[in-house]
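Quick notes on the structure that follows.
No experiment lies behind these values; they were computed from the predicted model shown. Position 1 is the first residue of the sequence, and the numbers go up from there. Both backbone and side-chain heavy atoms feed into the values below; hydrogens, waters and symmetry mates do not.
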Amino acid sequence: MAAIEYAWRKFTANIGPFLGMGAIITVLSVGIPFAFGMASGGVEVFNPDPLDPDGVSTAGQLGSSLLQLSGQLIGGAIQWVLGVALLRGALDAVDTGRVDFGAMFSRVPWGQALLAAILVFLAAMVGLLALCVGIVVVLFFLYYTNAAVLDGKSATEAISASFTFVKENLADTFLYALIAIVVIFLVSCFTCGIGGILTTPLFAISTAYTWRVLQGRPVVP
């Protein structure tokens, strides 16, 4: 709760960049799948099955599936970039109390961040194949990988740092994750997803606060 209360103070103190980033992420997370979904529907409409007017041809089904997959990949990539940049801003807010929209993107080691994302994705897939609940465990223990990368660690060092951090602060990080998920779920449900404009930056700031405080590092009051 202290992390969420702190996040609200820093959010209101830097409402311009955080609200702007929250709005961009929320709009794109809805807009990109919607646009590709409409396009895939159009492909199906204009490619009927010659033998069944109410059906869709094989080419139409393939084109529709490829469009939907492309939308998911493009949307996921854009959301990842914006999410890392938002966390950069959240760490700046925790460290200095000030956030600049442009600086969110300019001080990120994108190469290491991308490599870390790929490694975490592969680990999550292994967890999914081994045991469905395994993917949740993997993502929980490696959640702070991006924060470690933004602190200057390499991709592999960041993964190790995140795992060690969560393991050494298991009760606190689990309680924080539980509260954050419940808050985000409730706000999203009651606002039909529009609440993401607020919850997305708040979650990033509270994550940065948790990462700093549980390591015993100072934060700006």
(message) Distance check, rounded to the nearest 0.5 Å: Asn146 atom CG versus Thr207 atom OG1?
(response) 10.5 Å

(message) When you compare the side chain of Leu28 with that of Gln79, does any pair of heavy atoms fall below 4.5 Å?
(response) no

(message) Any non-hydrogen side-chain atom of Phe105 less than 4.5 Å from a side-chain atom of Leu82?
(response) yes

(message) Distance alone, cut at 3.5 Å: any donor-acceptor contact between the side chains of Glu157 and Ser154?
(response) yes

(request) Please report the shortest heavy-atom distance between Val94 and Ala208, naming the atom on each side. (result) CG2-CB, 3.8 Å

(request) State, to 0.1 Å, how close Phe165 and Thr210 come at their nearest heavy-atom pair, and which atoms those are. (result) CZ-O, 3.6 Å

(request) Report yes or no: do Phe163 and Phe174 belong to one cluster of Ile/Leu/Val/Met/Phe/Trp/Tyr joined by side chain heavy-atom distances under 4.5 Å? (result) yes

(message) With rounding to the nearest 0.5 angstrom, report the NZ to OG1 distance, Lys10 to Thr96.
(response) 8.5 Å

(message) When you group the ILVMFWY residues by side-chain heavy-atom contacts below 4.5 Å and let the links chain together, are Ile78 and Leu73 in the same group?
(response) no

(request) For residues Pro109 and Leu150, determine if any side-chain heavy atom of one lies less than 4.5 Å from a side-chain heavy atom of the other. (result) yes

(message) Contact between Asp92 and Arg107 at the side-chain level, heavy atoms closer than 4.5 Å - yes or no?
(response) yes

(request) Take atom CZ of Phe34 as the centre, draw a 6.0 Å sphere, and report whether it contains more than 12 heavy atoms from other residues, nucleotides or ligands. (result) no

(request) Tell me whether Leu122 is reachable from Phe140 by hopping between hydrophobic residues (I, L, V, M, F, W, Y) whose side-chain heavy atoms are closer than 4.5 Å. (result) yes

(request) Show your reasoning for whether side chain to side chain contact (heavy atoms under 4.5 Å, CB included) applies to Ile135 and Met125. (result) CA-CA 7 Å; Ile135 188 172; Met125 289 301 98; 4.1 Å; yes

(message) Could you tell me if the side chain of Val219 sits less than 4.5 Å from the side chain of Asp95, heavy atoms only?
(response) no

(request) Work out which heavy atom in Arg212 is nearest to a heavy atom in Pro218; give both atom names and the distance. (result) CD-O, 4.5 Å

(request) Take Leu86 and Phe18, measure what side chain to side chain contact (heavy atoms under 4.5 Å, CB included) needs, and give me the verdict at the end. (result) CA-CA 8 Å; Leu86 178 60; Phe18 281 133; 3.8 Å; yes

(message) What I'd like to find out is whether the side chain of Thr164 reaches to under 4.5 Å of the side chain of Ser160, using heavy atoms alone.
(response) yes

(request) Run the salt-bridge test on Arg88 and Asp100 with the 4.0 Å N-O cut-off and return the result as yes or no. (result) no

(request) Determine whether Met104 and Pro17 make a side-chain contact, defined as any pair of heavy atoms from C-beta on separated by less than 4.5 Å. (result) yes

(message) Regarding Asp151 and Arg217, does a basic nitrogen lie under 4.0 Å from an acidic carboxylate oxygen?
(response) yes

(request) Check the hydrophobic clustering (I, L, V, M, F, W, Y; side-chain heavy atoms under 4.5 Å; chains of links allowed) and say if Val99 and Trp8 are grouped together. (result) yes

(message) Which heavy atom of Thr145 sits nearest to which heavy atom of Leu142, and what is that distance?
(response) OG1-O, 2.7 Å

(request) Locate the shortest heavy-atom distance separating Tyr6 from Pro221; write the atom from each residue and the value. (result) CE1-C, 4.4 Å

(request) Report yes or no: do Tyr144 and Thr173 form a side-chain donor-acceptor pair below 3.5 Å? (result) no

(message) I need the Leu198 CG to Ile15 CD1 distance, nearest 0.5 Å.
(response) 8.0 Å

(message) For Ile159 versus Ala116, what's the shortest heavy-atom pair and its separation?
(response) CD1-O, 4.4 Å

(request) Drop me the distance from Thr200's OG1 to Ile24's CD1, to the nearest 0.5 angstrom. (result) 12.0 Å

(request) To the nearest 0.5 Å, tell me how far Phe36 CZ sits from Leu67 CG. (result) 7.0 Å

(request) Side-chain contact test, heavy atoms from C-beta onward, threshold under 4.5 Å: evaluate it for Phe203 versus Ser206 and give yes or no. (result) yes

